[in-house]
Amino acid sequence: MNSYMILKHLHMTTAYLTVVLFSLRLLMDAVGRPGWRMTPLRWIPHANDTVLLVAAISLLFVGGWNPLEQGWLLAKIALLLGYIAAGLFALKVTVSRPIRVVAAVLALVQVSAIFHLAMAKPVLF
Ligand code: HEM
């Protein structure tokens with residue numbers, strides 16, 4: 001396997017893991033188990049997301065992708081910022097429950113859109 005394919009597999013694996021780890025934390029909070037914040041689940045998602053982003057940026061360099069030429073990539077980056085922001089609110093204990101639920105839905109919608117853009121690579125401009 002060449003280095004591009006290794007990076008792509010790493011990117012995809014960590015992309016699926018980010019959703020699993022985010023959903024798991026939402027689920028733990030939903031069933032009244034906020035204690036995950038005192039376990040490795042506190043840092044594992046951050047480590048995964050760091051690898052996800054490093055692999056993403058490496059793909060741009062190795063694959064010669066340019067977000068200013070590929071609209072789907074630019075949209076992905078914008079949605080990623082929205083996913084991060086909504087995800088922070090969804091998991092913040094000091095935020096009220098209704099706002100956390102709305103933030104969780106927004107985060108899941110945005111990450112779904114990221115997957116769609118990544119797979120369909122539509123021509124946006
Ligand atoms: C939560 C954030 C992200 C998720 C969930 C995600 C998910 C994915 C997935 C599943 C693929 C493979 C699509 C396929 O071919 O079937 C992919 C491809 C790709 N992603 Fe991401 N991605 C994310 C963030 C990013 C970011 C921030 C960048 C750029 C800075 C990026 C750059 C790319 C590139 C260039 C490809 C194309 C690889 C190829 O088809 O050869 N991704 N992404």
Side-chain angles (χ1 to χ4, degrees):
M1 216 189 307
N2 63 27
S3 57
Y4 184 84
M5 287 313 287
I6 293 169
L7 286 170
K8 183 171 167 172
H9 281 293
L10 185 63
H11 183 60
M12 289 174 69
T13 306
T14 47
Y16 291 115
L17 269 176
T18 193
V19 178
V20 171
L21 291 167
F22 180 56
S23 306
L24 187 63
R25 287 173 293 164
L26 287 179
L27 205 66
M28 300 281 267
D29 278 348
V31 298
R33 305 270 301 271
W36 62 262
R37 290 174 176 82
M38 316 288 279
T39 72
L41 201 49
R42 183 186 177 87
W43 60 265
I44 289 173
H46 299 299
N48 178 70
D49 292 348
T50 303
V51 176
L52 168 68
L53 286 182
V54 170
I57 293 164
S58 307
L59 277 176
L60 296 191
F61 284 101
V62 179
W65 296 98
N66 182 353
L68 297 177
E69 286 170 4
Q70 311 280 335
W72 64 272
L73 254 182
L74 200 58
K76 248 181 100 168
I77 294 169
L79 284 164
L80 171 74
L81 299 179
Y83 170 58
I84 293 171
L88 283 176
F89 275 96
L91 296 172
K92 220 179 177 70
V93 280
T94 50
V95 171
S96 74
R97 198 163 176 91
I99 291 182
R100 286 173 65 184
V101 171
V102 171
V105 171
L106 276 177
L108 291 172
V109 167
Q110 290 180 100
V111 79
S112 304
I114 292 177
F115 272 94
H116 170 71
L117 289 169
M119 289 170 188
K121 301 182 179 59
V123 178
L124 300 179
F125 57 76

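Atoms within each ligand, like the ligands themselves, are counted from 1 in listed order. This one's a predicted model, so the numbers in the text were calculated from it and none came from an experiment.
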Polar side-chain atom of H11 near backbone of L52 as donor-acceptor pair, under 3.5 Å: yes
Polar side-chain atom of R33 near backbone of M28 as donor-acceptor pair, under 3.5 Å: no
In one Ile/Leu/Val/Met/Phe/Trp/Tyr side-chain cluster, 4.5 Å: V54, I6: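 No: no chain of side-chain contacts under 4.5 Å links V54 to I6.
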Atom pair CG (L26) and CG (L21), whose distance is rounded to the nearest 0.5 Å: 11.0 Å
From CG (L124) to CD (Q70), nearest 0.5 Å: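 Rounded to the nearest 0.5 Å, the CG-CD separation comes out at 9.5 Å.
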Would one find an N or O of [X], backbone or side chain, under 3.5 Å from an N or O of ligand 1?
| X | result |
| --- | --- |
| K121 | yes |
| K8 | yes |
| H11 | yes |
| Y16 | no |

For [atom], what's the nearest protein heavy atom and its distance?
| atom | value |
| --- | --- |
| atom 32 (C) of ligand 1 | L73 CD2, 3.6 Å |
| atom 16 (O) of ligand 1 | M119 CG, 3.7 Å |
| atom 27 (C) of ligand 1 | L80 CD2, 3.6 Å |
| atom 35 (C) of ligand 1 | W65 CD1, 3.4 Å |
| atom 41 (O) of ligand 1 | Y4 OH, 2.5 Å |
| atom 12 (C) of ligand 1 | M12 CG, 3.5 Å |
| atom 42 (N) of ligand 1 | K76 NZ, 2.7 Å |
| atom 3 (C) of ligand 1 | I114 CG2, 3.5 Å |

Neighbour count >12 (heavy atoms, 6.0 Å) for atom NZ, K121: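 Check passes, neighbour count above 12.
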Heavy atoms of other groups near M5 CE, more than 12 under 6.0 Å: yes
Nearest candidate to atom 14 (C) of ligand 1, where distance is taken over non-hydrogen atoms, out of A118, A78, S58: A118
Could you tell me, atom by atom, which parts of ligand 1 come under 4.0 Å of a heavy atom of [X]?
| X | result |
| --- | --- |
| F115 | 5 (C), 10 (C) |
| L52 | 1 (C), 2 (C) |
| A56 | 25 (C), 26 (C), 28 (C), 29 (C), 31 (C), 42 (N) |

Between Y16 and F115, ring centroids under 6.0 Å: yes
Between T18 and D49, a side-chain donor and acceptor under 3.5 Å: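 There is such a pair (donor and acceptor under 3.5 Å, judged by atom type) between the side chains of T18 and D49.
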N, O or S of A15 under 2.8 Å from atom 21 (Fe) of ligand 1: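 No - counting backbone and side chain alike, A15 has no N, O or S atom under 2.8 Å.
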Location of contacts on L60 toward ligand 1, heavy atoms closer than 4.0 Å: side chain
Basic-acidic side-chain contact under 4.0 Å: R97, D29: no
